[in-house]
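Let me begin by presenting the structure, written as structure tokens, before commenting on it.
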Amino acid sequence: MFNLDRWLEIFDTLLRHKLRTALTALSVAWGILMLVILLGAGTGLQKRVEYNFRDDAVNSIWMSPGRTSKPFEGHAIGRDIRFTNEDYDYIKNHIDGVEYITGRYNLWNNLVVTYGTKKSSFDVRSSHPDHKYLENTIMLRGRFLNDLDLEERRKVAAIGLPVAKFLFGDEEPMGKWIHINGIAYQVVGMFEDSGGEGEMRKIYVPIATAQMAYGAGERIHQLMFTVGNASVDESKRIENEVRDLLAKRHHFSPDDKRALRLRNNVENFREVSTIFDGIRLFVWIVGFMTIVAGIVGVSNIMLIAVKERTREIGIRKAMGATPGEIVGQIVQEAVFITAVAGYMGLLAGVVLLELVSRYVPENDFIRDPQVDMRVAVSATVLLVLAGALAGFFPAWRAARVDPVVALRDE
Amino acid sequence: MNALYSMLMEQGALPPCRCTVSFVSMIRLTKINKSYRIGQHALHVLRDVDLHIKAGEMVSIMGSSGSGKSTLLNILGILDQYDSGDYYLDETPIRALSERKAAMYRNRFIGFVFQSFNLLPFKNALENVAVPLYYQGVSRRKRNRIATSYLDRVGLADWAEHLPSEMSGGQKQRVAIARALVARPRVILADEPTGALDSETSYQIMQILEEVNQSGITVVVVTHEHDIAERTHRIIRLHDGRVQTGDPVPVRQ
């Protein structure tokens, strides 16, 4: 199939018709470039939003108590609701579908934490062991809190990476004792968090220990749990059961949105996912249209090019070219130019996206835009095929035209 | 100029050109009919045309516009189909050929010379001459060597690298003749080869065509110019699609 002479003839023809070649190449390269940018922007947008959800488990439900805003069972409004360990036990034991559950008792923000001569203030949270599943906590060393820590009210702490770096430097933190507002805790684990720096500048201690040490009694500030891979409806069902349970225990109206502030991430994530399905569809439609526009452009130019070459075709035929040779040459030209131009467009698009993801600072719109190579390559192949077809039909027709007509003197 | 030429010819000052004419038939048409459909009407362009051209002859076809002479030339050149009749080219029946076969016969048998030269504008003189060889599958180097020798034959060896746009009409037609000759055809079909040229250049072109004929190649010239036609052995006159009978007065006898 490789015919050097044919290729030389093609290069020659392409080089001698620079404008025509450039226009065809441009319309192909531009189409592919646009498609790559579009797909890249779509992924970037999606990644940015997924990044917003990176911190907390997407299948979690978060609750904090508030103040009643509706009178209920003879109680006046404006009553503070408080969670207790009993609420935790009730939800854990009585609600179907609750996977991991934890309470949180927040110590004062920015407690003074010291180790040796190092001293700084960090957030200290107290929680149940399951907390690590809620916050996507990744253990680097040691362990997170466990049930025994709570049972024995041990003074142990899991510290974030930046905390460890600050307090210990190169020293081994495991087993060392740090002081949190004067109370000594032994470091049992070091973690990082996909939620970023802020979520890592934290210290976790057992909730039972904190309640005892800081005189909180049975109090819990926040309750949160995951629901496994429950559907949105399933999560709503669990949400309602928990709400009813808490309403009954604390005597507030289940309709009272202010008495219990509740966030259902399953539902939120689904909403965002729906938006993203929409955006993806939109990107695909626009991308498809771009490709169609590219195909139309290429076909148009091929059509004109072949028309312009009617005379040339007539001459070549009179000189003994068979229709097959003429069609073959034109199609080969079309495929060659669309393939090269398509590749260029692809390359330009990928390089552009790479530059954007490398040099554009972190922002709220886009994150790490990338394009699915398979899609981009398929689009290029599609354009090349379109170019071939667009070249084939007019060439076929032109090759069928009697040379007499083609050579007729105007 | 014309008169002078005729006079010289009558006095026998110019060499006789019939030396290569044999009795072998090169082109034989019998009862060729051709009509075009234009809308609902059929335009009968050729009516029962009989034509016999011997190998080595140089003939001209004359006729007013619309007489069917271009159509006849196209049929001779296997560029166009005919409706009925028989056509033998070098004793080969030319009938219902596939495009492929037609292309092959055109390439092997026939060299074309057109009024408007029909050189490929983006190829230089040498490349233009080499085109028929490309379609014969001759290698590039060999192609260029042969083409150079033919360019030399028409006196344009120094113009090999020039594009058609850089050449005069006469030069372009000489390139076209070189191109027509390069594939060593049996017949040269020239459609108004001097139509776009001034008379002096026209004579130069005819001179070349005569030389070509003397080398043994059959030459058919379509023209409406009498002085051009008179330089051929024989004039075939077409009128309303018929060959005029009783007339074919041999010019050069």
Side-chain angles (χ1 to χ4, degrees), chain A residues 1-22 24 304-330 332-333 337 392 395-410, chain B residues 34 36 70-71 73-75 77-81 97-124 127-143 163-164 176 179-180 182-183 185 189 191-192 195-196:
Chain A
M1 200 51 217
F2 184 79
N3 179 342
L4 181 67
D5 232 26
R6 166 80 73 84
W7 279 111
L8 288 174
E9 184 75 14
I10 284 171
F11 287 138
D12 196 46
T13 313
L14 288 178
L15 281 177
R16 305 271 172 107
H17 299 93
K18 290 197 181 65
L19 182 65
R20 190 171 78 202
T21 307
T24 317
I304 293 167
V306 171
K307 185 118 186 122
E308 187 187 286
R309 294 172 76 168
T310 307
R311 194 174 190 86
E312 177 193 335
I313 290 167
I315 296 171
R316 287 182 186 275
K317 266 187 103 172
M319 298 302 129
T322 60
E325 277 168 315
I326 286 167
V327 172
Q329 191 194 329
I330 290 176
Q332 205 169 323
E333 268 180 47
I337 191 168
F392 177 79
W396 184 248
R397 217 177 43 204
R400 292 260 139 209
V401 167
D402 280 337
V404 196
V405 180
L407 294 176
R408 187 165 288 155
D409 296 310
E410 274 98 32
Chain B
K34 171 75 180 176
Y36 292 112
S70 285
T71 305
L73 195 79
N74 289 329
I75 287 173
I78 328 179
L79 292 172
D80 207 350
Q81 313 265 341
L97 296 178
S98 69
E99 285 268 15
R100 204 180 169 72
K101 205 125 196 206
M104 196 186 86
Y105 283 173
R106 276 198 291 271
N107 188 279
R108 304 273 164 183
F109 283 124
I110 301 163
F112 290 93
V113 177
F114 303 94
Q115 174 175 2
S116 49
F117 323 124
N118 280 333
L119 300 175
L120 294 177
F122 54 90
K123 287 184 176 292
N124 67 30
E127 290 165 337
N128 262 295
V129 174
V131 166
L133 296 175
Y134 172 79
Y135 289 115
Q136 279 184 1
V138 177
S139 77
R140 178 163 279 249
R141 184 178 305 190
K142 198 172 167 197
R143 242 169 32 219
L163 290 177
R179 181 179 65 179
V182 79
L189 295 178
D191 186 8
E192 302 275 8

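- Side-chain atoms of Asn128(B) come within 3.5 Å of backbone atoms of Leu120(B) as a donor-acceptor pair (strictly under, hydrogens ignored).
- Residue pairs that meet the salt bridge (charged side-chain N to carboxylate O under 4.0 Å, His left out) test with at least one member in residues 112-124 of chain B, sequence neighbours left out, are Glu9(A)-Lys123(B), Asp12(A)-Lys123(B).
- With no hydrogens or angles considered, a side-chain donor-acceptor pair links Arg316(A) and Tyr135(B) at under 3.5 Å.
- The two residues Pro164(B) and Pro121(B) make their nearest non-hydrogen contact at CD-O, 3.8 Å.
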Show me the side-chain donor-acceptor pairs of residues 323-330 of chain A shorter than 3.5 Å, one per line, residues at least two apart or across chains.
unit_1, atom_1, unit_2, atom_2, d
Glu325(A), OE1, Thr322(A), N, 3.0
Glu325(A), OE1, Thr322(A), OG1, 3.1
Gln329(A), NE2, Glu333(A), OE2, 3.2

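- Put simply, the side chain of Leu189(B) does not reach to within 4.5 Å of the side chain of Phe114(B), judged on heavy atoms.
- With a 4.5 Å cut-off on non-hydrogen atoms, Leu73(B) does not touch chain A at all.
- If you tally non-hydrogen atom pairs under 4.5 Å between each of Glu192(B), Arg100(B), Met104(B), Lys101(B) and chain A, the highest count goes to Arg100(B).
- Looking at Thr21(A) and Lys18(A), their side chains never come closer than 4.5 Å, going by heavy atoms from C-beta outward.
- With a 4.5 Å cut-off on non-hydrogen atoms, Leu163(B) touches chain A through its side chain but not through its backbone.
- Applying a 4.5 Å heavy-atom cutoff, the residues of residues 105-113 of chain B that approach chain A are Arg106(B), Asn107(B), Phe112(B).
- Residue pairs meeting the salt bridge (charged side-chain N to carboxylate O under 4.0 Å, His left out) criterion with at least one partner in residues 132-142 of chain B, sequence neighbours excluded, are Asp5(A)-Arg140(B).
- Of the residues considered (Arg179(B), Gln136(B), Gln81(B)), Arg179(B) shows the highest number of contacts with chain A, using heavy-atom pairs under 4.5 Å.
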